Amino acid sequence: MKIAQRFKDFPAYSPIEPFEVLSARIGKRPEEIIKLDANENPYGPCTAALQALTDTRVYHIYPDPESRALRAALQKFTGVPIQYLMAGSGADELIDLILRVLLEPGDTVINCPPTFGMYPFDTRLNAGQVIDIPRNADFSIDIEAIEITVKNNQPKVIFVTSPNNPDGSLLSKADLLHLLKLPLLVVLDEAYLEFTGDCVAAWRENSCMGWVQNFNNLVVLRTFSKWAGLAGLRVGYGAFPLWLMSVLWVAKQPYNVNVAASQAAIASLQSLEELIPNVNKLRSERERLWQLLQNIPFINPYPSQANFILCALEDVSGTELKHYLISKGIFIRTYDTPNLRNTIRISVGRPAQTVQLISALEEYQ
Ligand SMILES: Cc1ncc(COP(=O)(O)O)c(C=O)c1O
């Protein structure tokens, strides 16, 4: 039996490791670990989500394949009609699903690095070819190069992210409108959108999810992993044009959103008064962390609209700094790619975690 050719030298995705693995590796207790490497929410799920997980009594019954209760709650939350909405096992599942239904072997997909690694990973997984169009120095997308590539290569899909991971910059609405005029599907990933504003009205204003009703070539993805602290439960959602919805319903795994994830997500949408203050704590901590990082001589932080800060390093090695911080129980993410040389990304944590991080950085060298 032979495996498919494309898996012979397949570049594996390197996922972030959980507390227990990290703590076992460095001989510290999980509660001593300061995990600032995966943009998780240190405040965790809301009380009602935790309560829903223990109160639920239907774990022996398969979940609703259409996630009806969750989608109805999302309609109220986003203002987007339910027929445009689909839930998934994280936004990650929806990225894969979109490519699964659209790509024929060899079809091309535009990726704009530096950005989230799942877009090229899922493209290759689904037998597509990635065309990288690097971002400009300020992390905006290179519209001109994208237009040329669309003309020459007829890509089927482009992925754009706002705020972008790893730098936290926003996609301008003008750039999005530009892309929407091109003959390809634009997938806008808004995983960190909630960190751009301080209330539901601001989130609606900043999100382009409602635009799917007017643009046949736009998909917008969001998630409960970041603002609602449900990363471990895997629940995300997207708004899709109706022609795409009909095929996604056919192609998705029937029970893709499990009962626990669905209950916790619905409870989160009913607990905005508890969750929004956590988002706002992270927003103000982001500004405080940014100021403090400015005072570290070898760190140049970029401005960010998300729950993480990208930093260029001067005269120190990212890998060495990462290992030094690990010895203190602090985990961050490093990058050293052609588009992002010697750079680190720090997720925003609780104020006490910022204090420990900054004092470790002050002691460095
Ligand atoms: C830009 C972006 N999109 C999507 C995701 C994944 O979201 P989910 O946890 O809902 O799969 C991440 C996770 O880090 C991300 O950075």
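Only this structure's heavy atoms are used, side chains among them; waters, hydrogens and symmetry mates stay out. Because the structure is a prediction, the values reported are computed rather than measured.
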> Are Y119 and D189 close enough that a side-chain donor and a side-chain acceptor fall under 3.5 Å?
Replying inline: yes
>> Between D37 and K35 (salt bridge meaning N to carboxylate O under 4.0 Å), is one present in this structure?
In response: yes
>> What verdict does the side chain to side chain contact (heavy atoms under 4.5 Å, CB included) test give for V200 and L272, after you've listed the backbone C-alpha separation in whole Å, the side-chain angles of each residue and the deciding distance to 0.1 Å?
In response: CA-CA 9 Å; V200 174; L272 296 173; 3.7 Å; yes
>> If we ignore hydrogens and angles and just use 3.5 Å, is the side chain of E32 paired with the main-chain N or O of R29 as donor and acceptor?
In response: yes
> Side-chain heavy atoms under 4.5 angstrom apart, residues restricted to Ile, Leu, Val, Met, Phe, Trp, Tyr: same cluster for W249 and V187?
Replying inline: yes
> Which atom names give the shortest non-hydrogen contact between P42 and R350, and what distance separates them?
Replying inline: O-NH2, 3.2 Å
> With a 4.5 Å heavy-atom cut-off, do S268 and L230 have their side chains touching?
Replying inline: yes
> Is there a donor-acceptor contact under 3.5 Å from the side chain of R71 to the main chain of E66?
Replying inline: yes
>> I'd like to know if the side chain of D138 and the backbone of S140 have a donor-acceptor N/O pair within less than 3.5 Å.
In response: yes
> What class does the angle between the rings of Y364 and Y324 fall in, given that below 30° is parallel, 30 to 60° is tilted and above 60° is perpendicular?
Replying inline: tilted
>> I want to check something: taking the side chain as every heavy atom from C-beta on, are V219 and L188 in contact at a cut-off of under 4.5 Å?
In response: no
>> Applying side chain to side chain contact (heavy atoms under 4.5 Å, CB included) to N217 and L180, what does each step give before you reach the verdict?
In response: CA-CA 7 Å; N217 61 337; L180 289 169; 3.5 Å; yes
> Short question: side chain of R345, backbone of C311 - any donor-acceptor pair under 3.5 Å?
Replying inline: no
> If you look at every heavy atom in C112 and I158, which pair is closest and at what distance?
Replying inline: SG-CD1, 4.1 Å
> L170 and S162: which non-hydrogen atoms are nearest, and at how many Å?
Replying inline: CA-OG, 3.5 Å
> Would you call the rings of F7 and F10 parallel, tilted or perpendicular if under 30° counts as parallel and over 60° as perpendicular?
Replying inline: tilted
>> Can you confirm whether more than 12 heavy atoms, excluding those of E144, are under 6.0 Å from its CD atom?
In response: no
> Can you tell me how far the CG atom of L179 sits from the CZ atom of F215, to the nearest 0.5 Å?
Replying inline: 11.0 Å
>> Taking the basic N atoms (NZ, or NE/NH1/NH2) and the acidic carboxylate oxygens, is any pair closer than 4.0 Å for R135 and D142?
In response: no
> Take atom CD in E273; do more than 12 heavy atoms of anything else shown fall under 6.0 Å from it?
Replying inline: yes
> Between E93 and K252, is there a salt bridge with N-O shorter than 4.0 Å?
Replying inline: no
>> If I take atom CD from residue Q353 and atom CD1 from residue I33, how far apart are they, to the nearest 0.5 angstrom?
In response: 11.0 Å
> Under 3.5 Å, side chain of N258 to main-chain N/O of A260, donor-acceptor pair present?
Replying inline: yes
> If two hydrophobic side chains count as joined below 4.5 Å and joins carry through other members, does F298 share a cluster with L357?
Replying inline: yes
> Does some side-chain heavy atom of W203 sit less than 4.5 Å from a side-chain heavy atom of I276?
Replying inline: yes
>> Just by distance, no angles: are the side chains of T354 and E285 close enough, under 3.5 Å, to form a donor-acceptor pair?
In response: yes
> Will you find, in the side chains of N41 and N278, an N or O donor that is under 3.5 Å from an N or O acceptor?
Replying inline: no
>> Within this structure, what is the CD1-CG distance for the pair I299 and L293, rounded to the nearest 0.5 Å?
In response: 5.5 Å
>> According to a hydrophobic-cluster definition based on side-chain heavy atoms being under 4.5 Å apart (Ile, Leu, Val, Met, Phe, Trp, Tyr only), do I133 and L340 belong together?
In response: no
>> For F77 together with W227, are the ring centres under 6.0 Å from each other?
In response: yes
>> Checking side-chain polar atoms at under 3.5 Å, does D132 have a donor or acceptor matched by the opposite partner on N111?
In response: yes
> Taking it one step at a time, do F308 and I346 satisfy side chain to side chain contact (heavy atoms under 4.5 Å, CB included)?
Replying inline: CA-CA 5 Å; F308 49 81; I346 305 170; over 6 Å; no
>> Restricting to non-hydrogen atoms, name the atom on T123 and the atom on L99 that form the minimum distance, rounded to 0.1 Å.
In response: N-CD1, 3.6 Å
> Can you name the closest pair of heavy atoms from C208 and L176 and give their distance?
Replying inline: SG-CD2, 3.7 Å
>> Under a 3.5 Å distance rule, please check whether E274 uses its side chain to pair with a backbone N or O of T47 as donor and acceptor.
In response: yes
> Does atom CD of E104 have more than 12 heavy-atom neighbours from other groups under 6.0 Å away?
Replying inline: no
> Would you say the side-chain atoms of N300 and E314 include a donor-acceptor pair closer than 3.5 Å?
Replying inline: yes
>> Please check this pair: side chain of N164 against backbone of G168, looking for a donor-acceptor N/O pair closer than 3.5 Å.
In response: no
>> Suppose the criterion is ring pair (Phe, Tyr, Trp, His ring centres under 6.0 Å): which pairs have a residue in residues 25-70, not counting sequence neighbours?
In response: Y62-Y255
> Does a salt bridge link D92 with R234, judged by any charged N lying under 4.0 Å from a carboxylate O?
Replying inline: yes
>> Strictly distance-based, threshold 3.5 Å: is any side-chain N or O of R333 a donor or acceptor partner for the main-chain N or O of I344?
In response: no
>> Let me confirm one number: the OG1-OH distance from T223 to Y237, rounded to the nearest 0.5 Å.
In response: 8.5 Å
> Side chains of T196 and Q305: is there a donor and an acceptor less than 3.5 Å apart?
Replying inline: no
>> Do I95 and F121 make a side-chain contact, defined as non-hydrogen atoms from C-beta onward lying under 4.5 Å apart?
In response: no
> Above 12 or not: heavy atoms from other molecules or residues under 6.0 Å from NZ of K151?
Replying inline: no
>> For a quick check under 3.5 Å, do T161 and T115 share a side-chain donor-acceptor pair by atom type?
In response: yes
>> Can you confirm whether more than 12 heavy atoms, excluding those of K173, are under 6.0 Å from its NZ atom?
In response: yes
> Do the side chains of Q356 and I34 get nearer than 4.5 Å, heavy atoms only?
Replying inline: yes
> A73 and L269: which non-hydrogen atoms are nearest, and at how many Å?
Replying inline: CB-CD1, 3.6 Å
> Can any side-chain N or O of D167 pair as donor or acceptor with the backbone N or O of F139 at less than 3.5 Å?
Replying inline: no
> In Å, rounded to the nearest 0.5 Å, how long is the span from CZ of R222 to CG of L193?
Replying inline: 4.5 Å
>> When you compare the side chain of L103 with that of T108, does any pair of heavy atoms fall below 4.5 Å?
In response: no
>> I want to check a possible cation-pi pair here: R283 against F195, using under 6.0 Å from ring centre and within 45° of the ring axis as the test.
In response: no
>> Could you check whether any side-chain heavy atom of P183 comes within less than 4.5 Å of a side-chain heavy atom of V150, counting everything from C-beta outward?
In response: yes
> Judged by modelled atom types alone, do R204 and T78 share a side-chain donor-acceptor pair under 3.5 Å?
Replying inline: no
>> Treating N342 as the side-chain partner and V316 as the backbone partner, does any N or O pair qualify as donor plus acceptor under 3.5 Å?
In response: yes
>> Between L185 and K156, does the side chain to side chain contact (heavy atoms under 4.5 Å, CB included) criterion hold? Intermediate values first, please.
In response: CA-CA 6 Å; L185 184 76; K156 273 207 172 147; over 6 Å; no
>> Let me confirm one number: the CG-CE distance from L85 to M209, rounded to the nearest 0.5 Å.
In response: 6.5 Å
> Do L248 and L94 come close enough that some side-chain heavy atom pair is under 4.5 Å?
Replying inline: no
> Hey, are Y192 and N39 close enough side-chain-wise for a donor-acceptor pair under 3.5 Å?
Replying inline: yes
>> Tell me whether E147 at atom CD has more than 12 heavy atoms from other residues, nucleotides or ligands lying less than 6.0 Å away.
In response: yes
